[in-house]
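Just so it is clear, the values below take in all heavy atoms, side chains as well, and ignore hydrogens, waters and symmetry mates. Not measured: the values here are computed from a predicted model.
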Amino acid sequence: MTPPPGWYRDPSAAHQERWWDGTAWTEHRRAPGATGHGTPGATGYGTSGATGYGTPCPTGYGAPADTGHGAAPGPYAVPPAQPGQPSTVPLFTGAAEGRAGGTGRGKAVALVLAAAVLVGAIVTGVVVLGEDDGPAPGTQAPPVAPTATGAPSVTEEPSPTRSEPSADDPAVVEDQLNGVTFPLPKGWVRPEYVAEDDVMMTTDGTYDCPADGGVCRHGLVVSRTVTSNAESSPKTLARQDIEDAADDAYDRDLIGNKPFGGIVSHEEVAAGPVAVAGRAGYYVRWRVRTAEGPGGHVQSLVFPSTVGTESPILVRYVFDAGEEGPPLADMDRITKGIRPVGDADTGGGVGSGIGPTD
């Protein structure tokens with residue numbers, strides 16, 4: 001049993017209706033809700049030739065057996081559309097095949113219906129997302145990894161920054177001008193608040209000078225390049241310098257004061273060749289006695305530079321005597337630890353000993 005003739009939703013174009021003549025689909029179409037329920041000729045669409053759709057056969061919408069789109073409308077699911085009322089059949093989204101463009105009104109209705117479908121889909125999605133987070137009936141929630149309850153949280157902390165060198169990486173001070181480094185023994189620090197710019201290190205702390213006042217230190221080491229003398233022999237230069245080194249340390253200071261009341265006497269306690277930073281050098285050491293205080297030890301060490309023109313490098317050591325002064329063994333340690341910059345293996349101490357430490 002087939003449905004009676006009438007206007008039904010076009011199975012190939014959901015935005016319009018199509019005339020069913022009781023046995024097959026015709027090429028007569030109209031927008032949904034258009035007035036008139038008679039034959040196509042009575043609806044204002046005219047005959048097939050007047051609709052602009054051409055004859056039924058060339059369109060591919062002929063008998064149902066030919067295209068698969070011409071099946072008869074269901075007699076119960078698709079009733080004819082009523083005047084002024086849209087069809088309640090769900091929209092068919094398939095595109096029409098072999099159909100020429102419809103009227104402007106049909107296109108407008110199609111756009112309106114498509115927009116309505118889009119809005120409905122958006123609203124439906126929002127409602128679904130806004131519902132309870134629990135799983136829908138018949139579905140399973142994804143497995144949840146078990147968590148330990150009561151376990152303390154672990155916070156990864158950055159590793160501590162090493163602020164002081166370790167025993168395997170002893171502290172050094174660098175003489176960039178002469179291209180050498182000096183080890184920094186325990187109790188020694190980099191220079192602070194000293195007038196001379198060639199001081200490499202001093203003992204930690206200061207004390208009041210015993211004579212003319214001022215501030216004194218128990219020990220210091222100076223490094224400078226010999227430029228005022230054409231002599232290049234380390235031995236000659238060391239012997240020429242030792243008296244000036246003693247006077248600068250224990251007789252008069254830079255402004256003419258006598259922090260220790262002046263030098264009373266001196267004696268040479270050691271001298272000889274020594275290897276420094278892989279170079280042959282020479283040193284001279286004096287024991288100096290002063291009018292005030294315990295006096296001290298002064299040493300002049302000269303060796304060729306390892307960079308440039310190999311100009312002689314002069315290193316002066318000034319150590320106060322007595323219990324407050326640094327150990328004389330530090331002179332030996334510093335001398336043996338002098339290295340060329342960037343060379344941790346080349347050291348001193350080769351050859352004769354540095355001398356007695358009394």
Heavy-atom closest contact ([X] atom, [Y] atom, distance):
X    : Y    : result
A211 : G261 : CB-N, 3.2 Å
P340 : A277 : CD-CB, 3.8 Å
A280 : P234 : O-CG, 3.8 Å
D330 : P326 : OD2-CB, 4.3 Å

Task: R18 side chain reached by E27 side chain, heavy atoms, under 4.5 Å - done: yes
Determine yes or no for a side-chain-to-main-chain donor-acceptor pair under 3.5 angstrom, with [X] supplying the side chain and [Y] the backbone.
X    : Y    : answer
E174 : Q176 : no
R29  : T26  : no
N229 : E231 : yes

Are [X] and [Y] within salt-bridge range, i.e. N to O under 4.0 Å?
X    : Y    : answer
E17  : R9   : no
K258 : E292 : no
D332 : R285 : yes

Task: D198 and S223: CA distance, side-chain angles, deciding distance, side chain to side chain contact (heavy atoms under 4.5 Å, CB included) verdict - done: CA-CA 6 Å; D198 49 9; S223 176; 5.9 Å; no
Task: Joint cluster assignment, V173 & L301, ILVMFWY side-chain distance < 4.5 Å - done: yes
Restricting to side-chain hydrogen bond (donor to acceptor under 3.5 Å, both in side chains), what partner residues turn up for [X], sequence neighbours left out?
X    : answer
S232 : none
T290 : none
R287 : none
R252 : none

Task: Listed once per pair and sorted, the disulfide (SG to SG under 2.5 Å) pairs that draw on residues 250-296, sequence neighbours left out - done: none
Side-chain donor-acceptor contacts of residues 178-187 below 3.5 Å, not counting sequence neighbours, with atom names and distances?
| residue | atom | partner | partner atom | Å |
| --- | --- | --- | --- | --- |
| N178 | OD1 | T225 | OG1 | 2.3 |
| N178 | ND2 | D175 | OD2 | 2.7 |
| N178 | ND2 | T225 | OG1 | 3.4 |

Open item on the list: Apply the hydrophobic cluster definition, ILVMFWY joined by side-chain contacts under 4.5 Å directly or through others, and give me every member besides Y207.
Closed with: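 Besides Y207, the hydrophobic cluster comprises V194, V199, L220, V222, I242, Y250, F260, I263, Y282, V284, W286, V288, V298, V318, listed by chain and residue number.
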Open item on the list: Checking one residue: V302. Which other hydrophobic residues are in its cluster under the side-chain 4.5 Å linking rule?
Closed with: V226, L237, L314
TODO: State yes or no: are the ring centers of W19 and W7 separated by less than 6.0 Å?
DONE: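 Yes, the ring of W19 comes within the 6.0 Å limit of the ring of W7, centre to centre.
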TODO: Output every pair passing salt bridge (charged side-chain N to carboxylate O under 4.0 Å, His left out) with a member in residues 206-221, not counting sequence neighbours, ordered by first then second residue.
DONE: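 Output for this query is empty, none listed.
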TODO: Output every pair passing salt bridge (charged side-chain N to carboxylate O under 4.0 Å, His left out) with a member in residues 299-316, not counting sequence neighbours, ordered by first then second residue.
DONE: D241-R316, D248-R316, R279-E310
Task: E268: salt bridge (charged side-chain N to carboxylate O under 4.0 Å, His left out) partners, not counting sequence neighbours - done: R239
- [ ] Calculate, to the nearest 0.5 Å, the distance between atoms SG and CG belonging to C209 and D253 respectively.
- [x]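 Here the rounded value is 8.0 Å.
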Task: Euclidean distance, T202 OG1 relative to R190 CZ, rounded to 0.5 Å - done: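 Reported value, rounded in 0.5 Å steps: 11.5 Å.
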Task: Pair D320-E324, side chain to side chain contact (heavy atoms under 4.5 Å, CB included): steps then yes or no - done: CA-CA 7 Å; D320 279 355; E324 299 297 327; over 6 Å; no
Task: Heavy atoms of other groups near Q240 CD, more than 12 under 6.0 Å - done: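 Correct, the count exceeds 12.
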Open item on the list: Would Q299 and T335 count as a side chain to side chain contact (heavy atoms under 4.5 Å, CB included) here? Give the steps.
Closed with: CA-CA 11 Å; Q299 176 173 294; T335 300; 4.1 Å; yes
Open item on the list: Suppose the criterion is ring pair (Phe, Tyr, Trp, His ring centres under 6.0 Å): which pairs have a residue in residues 302-321, not counting sequence neighbours?
Closed with: W188-F319
Task: Check against side chain to side chain contact (heavy atoms under 4.5 Å, CB included), M331 and H297 - done: CA-CA 10 Å; M331 285 191 183; H297 292 82; 4.0 Å; yes
